[in-house]
Amino acid sequence: MKLGKYFTLNELTHTSTGLSNNPNSDEIENLKLLVENVLDPLRELYGKPIHVNSGYRSPVVNRKIGGANNSEHLLGFAVDITGGSKEENQILFNLIKNNFNFRQLINEYNFSWIHISYNIKDNKKQILTIK
């Protein structure tokens, strides 16, 4: 199922845990809003493919990988992405920071990947770094 021009539901729910990771209709709608408002326009602006490391996570998947109990991944509001290198991730980070509404934008481990969350009701543009 396509969620937008560039991203599919499979991409945003893929897990290597072997556990069930099926979002409900509300979570799919949240993923669609994330794609429509951030990921697809970011892909257009960036001009190159963006890889999704982690999108929606079911509670069992989130526990298995050690995700936070209140992770926005659980509701389909968040995605971890990469452009393939720390340098490309820094470019993505700056594009998001300067061009999009978001709830959280996190530089994870010196641009090893970028966490972005979008919630149509609360886009406070919080920028964080995890070391």
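Counting begins at 1 with the first residue of the sequence.
I114 places none of its side-chain heavy atoms less than 4.5 Å from the side chain of D80. Looking at heavy atoms from C-beta onward, K86 lies in side-chain contact with N110 at the 4.5 angstrom threshold. Between I96 and I81, some side-chain heavy-atom pair lies under the 4.5 Å cut-off. In this structure, L33 and V38 have side chains that are not in contact, with every pair of non-hydrogen atoms separated by 4.5 Å or more. Counting heavy atoms from C-beta on, the side chains of S54 and V79 never come closer than 4.5 Å. Counting heavy atoms from C-beta on, the side chains of L3 and L39 never come closer than 4.5 Å. You'll find the side chain of L9 reaches within 4.5 Å of the side chain of L31, heavy atoms only.
For the residue pair T82 / N89, a side-chain donor-acceptor distance below 3.5 Å is found, with atom types taken as modelled. With hydrogens and angles left out, the side-chain atoms of S20 and N22 include a donor and acceptor closer than 3.5 Å.
The line from NE2 of H14 to OG1 of T8 is 11.0 Å long, rounded to the nearest 0.5 Å. The NZ atom of K2 sits 12.0 Å away from the CG atom of N10 when rounded to the nearest 0.5 Å. The distance from atom OG of S117 to atom CZ of R103, rounded to the nearest 0.5 Å, is 6.0 Å. Rounding to the nearest 0.5 Å places CG of L74 at 9.0 Å from CZ of R63.
Between K32 and D40 there is no salt bridge, since none of the side-chain N atoms of the basic residue sits less than 4.0 Å from a carboxylate O of the acidic one.
Considering only residues two or more places apart in sequence or on other chains, F93 meets the ring pair (Phe, Tyr, Trp, His ring centres under 6.0 Å) condition with F111. Residues that satisfy the salt bridge (Lys or Arg N to Asp or Glu O under 4.0 Å) test with K5, not counting sequence neighbours, are E44.
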Given L92 and L42, is the side-chain contact (heavy atoms from CB on, under 4.5 Å) satisfied, shown in steps? CA-CA 8 Å; L92 287 169; L42 176 62; 4.1 Å; yes

Should N94 and N99 be marked as a side-chain contact (heavy atoms from CB on, under 4.5 Å) after you check the CA-CA gap, both sets of side-chain angles, and the distance that decides it? CA-CA 8 Å; N94 287 322; N99 295 284; over 6 Å; no

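Screening residues 15-74 for ring pair (Phe, Tyr, Trp, His ring centres under 6.0 Å) gives H73-H115 as the qualifying pairs, with residues at least two apart or on separate chains.
Across Y6 and E11, no two heavy atoms sit closer than the pair O-OE1, 3.5 Å. Here the closest non-hydrogen pair linking D26 and N24 is N-OD1, 2.9 Å. Of all heavy-atom pairs spanning A78 and L34, the tightest one is C-CD2, 3.9 Å.
Using modelled atom types, one side-chain atom of S112 and one backbone atom of Y109 make a donor-acceptor pair closer than 3.5 Å. Panel note: side chain N62, backbone S58; no donor-acceptor pair is recorded below 3.5 Å.
Side-chain contacts under 4.5 Å among hydrophobic residues (ILVMFWY), followed directly or transitively, place F77 together with L75. Grouping Ile, Leu, Val, Met, Phe, Trp and Tyr by side-chain contacts under 4.5 Å, direct or through others, puts V60 with L19, V61.
More than 12 heavy atoms of other residues, nucleotides or ligands shown are found within 6.0 angstrom of CG on N98.
Y118 and I50 fall within a single hydrophobic cluster, where Ile, Leu, Val, Met, Phe, Trp and Tyr are joined by side-chain heavy atoms under 4.5 Å apart, directly or via other members. A continuous path of Ile, Leu, Val, Met, Phe, Trp and Tyr side chains, each step under 4.5 Å between heavy atoms, connects F7 with I120, placing both in one hydrophobic cluster. W113 and I116 end up in different hydrophobic clusters when Ile, Leu, Val, Met, Phe, Trp and Tyr side chains are linked at under 4.5 Å.
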Would you give me the side-chain donor-acceptor pairs under 3.5 Å for residues 124-131, sequence neighbours excluded?
unit_1	atom_1	unit_2	atom_2	d
K125	NZ	F100	O	3.3
Q126	OE1	Q104	NE2	2.7

